[in-house]
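Shown next, in structure tokens, is the structure this report addresses.
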Protein chains: 2
Amino acid sequence: MSAKGSETRERILSAAEPLILRQGFAGTSIDDILKATGLTKGAFFHHFNGKGELARALVERYARNDYELFERFSAEAEAATEDPLAQTLHFLTAFEDFIERLREPVAGCVFAAYTYEGLQFDPAIHAFIAQSFRRWSALYEKRFEAVLASYRPARPVTARELADTIMAIVEGGFILSRSYNDPIIVARLSRQFRQYLELLFVSRIGRARSGPGRSS
Amino acid sequence: MSAKGSETRERILSAAEPLILRQGFAGTSIDDILKATGLTKGAFFHHFNGKGELARALVERYARNDYELFERFSAEAEAATEDPLAQTLHFLTAFEDFIERLREPVAGCVFAAYTYEGLQFDPAIHAFIAQSFRRWSALYEKRFEAVLASYRPARPVTARELADTIMAIVEGGFILSRSYNDPIIVARLSRQFRQYLELLFVSRIGRARSGPGRSS
DNA sequence: ACCTCCAAACCGACCGGTCGGTATGTTTTA
DNA sequence: TAAAACATACCGACCGGTCGGTTTGGAGGT
């Protein structure tokens, strides 16, 4: 595939994502996507075997981009402090800043869109999404495990539960954001989760080094 | 409309809801729904002007049922205790029990499904959904306002923020539930929110009467 | 530097099937 | 017996996908 070829492929994908996020996958025809790119059927079926492969490519692209974003916030947090709790709080504020800076009218998660359209996709795609969710969740979980190793929670809680909670808050936040047409509600919800963490982890275990910096 | 007529209408609706929750609205054809009921086109278009009206009827039905459920849990909570915080915690545990007792393989929220299919619906439907979300949220909000009137939160928080948070947790929980095929994850997430409330509201304002009963 | 040539990239007309919707007829119920 | 309730055949539009053809771009030969 030449440079121009893969550029066209990317053009199709980046035109398809917002359309599907707004109209659903079944509600978005191939012609809709092509109209948005100025291309035609020939180009589409040269780069994709069919609509199903487009679905697969889209979800993989989304997973890749999201993972990179996660790693960026993670690196930023690790550069800022050594304390695992402070790192996690820093991570969340970085995420909140990102959401607030987004000027897109409505955000959304491709995984969630697919999850609610269900059966019409290849089971392999659903497996990939579930795996992506778990992988994403595992990144959070790792953070919370580090926190739990240094702090005694005020209530019994597992790293897994905390990871699932922030994931649900973000996914549910997108739904509310879309329905309310409120672009920054996800950031406000993340702030609630941060408060939960702050209330949960107030006492350190063993020899203290440096507590977490108070976040705004 | 006769008794049999409205029964048929209801049969169509209750057959359509799970299908749409599994395949999406655009991904579910009228024939799919009719095949599930044993009826034919004639019956469908006798009771609905078109697919759009089915969408409207479905979302209204869902809103009605959800509201009733909410009121049921609410009455149960108010019968159990007078303390606003204890009532709210009781409400949440009742909701958790409900989720855990559900034996449906996949749960889901019609509002969320519509929200991710977006543009293909009448704007009036989206307005109705947003209004339903807000009305639902207002019920939570009223509870939290009562709590805030009796308890001083450990961190600054508004009733609105708490209402949005539990709504997001439930909506996001459904997405995770579907993707993971885990029917009770929503209950576990609700429990996290309960813990947040317990940590947030530890000190009463003014003369104490009776603290909230510790929930399991 | 220029031509050759071929594969990748892309076009656009077309096909079969499906979907939402209609028209008309038949049965059931009050 | 009339209206409500439902069945059935059918239509036009659209959608995913195919196919033969044209353009483009770059590697290789001279």
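Residue numbers begin at 1 in each chain, while the letters A, B, ... track the order of the sequences. The model shown is predicted, which means the values in this text are computed figures rather than measured ones.
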Exercise. Check whether any side-chain heavy atom of Val59(A) lies under 4.5 Å from a side-chain heavy atom of Ile129(A), and answer yes or no.
Key: yes

Practice problem: Report yes if a side-chain nitrogen or oxygen of His46(A) is closer than 4.0 Å to either non-bridging phosphate oxygen (OP1 or OP2) of dC10(C); otherwise report no. | Solution: no

Quiz item: Taking only N and O in the side chain of His47(A), is any of them less than 4.0 Å away from OP1 or OP2 of dC10(C)?
Solution: yes

Quick one: [X] [atom1] to [N] [atom2], roughly how many Å, whole number?
X	N	atom1	atom2	answer
Asn49(B)	dG21(C)	CG	P	10 Å
Gln120(A)	dG16(D)	CD	P	11 Å
Glu53(A)	dT18(D)	CD	P	12 Å
Phe44(A)	dG17(D)	CZ	C1'	10 Å
Ile20(A)	dG16(D)	CD1	C1'	14 Å
Leu39(A)	dG16(D)	CG	P	16 Å
Phe48(A)	dC10(C)	CZ	C1'	14 Å

Quiz item: Salt bridge or not for Glu60(B) and Arg56(B), using N-O below 4.0 Å?
Solution: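 Answer for the salt bridge query: yes.
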
Practice problem: Answer yes when Arg22(B) and Glu17(B) have at least one side-chain N-carboxylate O distance shorter than 4.0 Å, and no when they do not. | Solution: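 The answer is no: the pair does not qualify as a salt bridge.
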
Practice problem: Specify the residues of residues 26-35 of chain B, ordered by number, for which at least one heavy atom lies under 4.0 angstrom from an atom of DNA chain D. | Solution: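 Those residues whose heavy atoms fall under 4.0 Å from DNA chain D, taken from residues 26-35 of chain B, amount to none.
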
Exercise. Verify the distance criterion only: is there a donor paired with an acceptor across the side chains of Thr81(A) and Gln87(A) at less than 3.5 Å?
Key: no

Exercise. Hey, can you tell me if Tyr114(A) and Phe121(A) have their rings parallel, tilted or perpendicular (30° and 60° cut-offs)?
Key: parallel

Quiz prompt | Contact nearer the 5' end of DNA chain D, comparing Gly38(B) with Lys51(A) | solution = Gly38(B)

Practice problem: Determine, step by step, whether Asp164(B) and Arg160(B) satisfy the salt bridge (charged side-chain N to carboxylate O under 4.0 Å, His left out) criterion, reporting the C-alpha distance in whole Å, the side-chain angles of both residues, the deciding distance to 0.1 Å, and the verdict. | Solution: CA-CA 6 Å; Asp164(B) 285 343; Arg160(B) 174 72 173 274; 3.7 Å; yes

Quiz prompt | Qualifying residues under side-chain hydrogen bond (donor to acceptor under 3.5 Å, both in side chains), relative to Tyr196(B), sequence neighbours excluded | solution =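 side-chain hydrogen bond (donor to acceptor under 3.5 Å, both in side chains) list for Tyr196(B), sorted by chain: Gln192(A), Gln195(A).
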
Can you check nucleotides 19-22 of chain D for protein contacts, nitrogen or oxygen pairs under 3.5 Å, and list what you find?
none

Practice problem: Calculate, to the nearest 0.5 Å, the distance between atoms OG1 and CD1 belonging to Thr8(A) and Ile12(A) respectively. | Solution: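 Interatomic distance, Thr8(A) OG1 to Ile12(A) CD1, rounded to 0.5 Å: 7.0 Å.
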
Quiz item: Regarding Lys51(B) and the six-membered ring of Phe25(B), is the cationic atom NZ or CZ under 6.0 Å from the ring centre and inside 45° of its axis?
Solution: yes

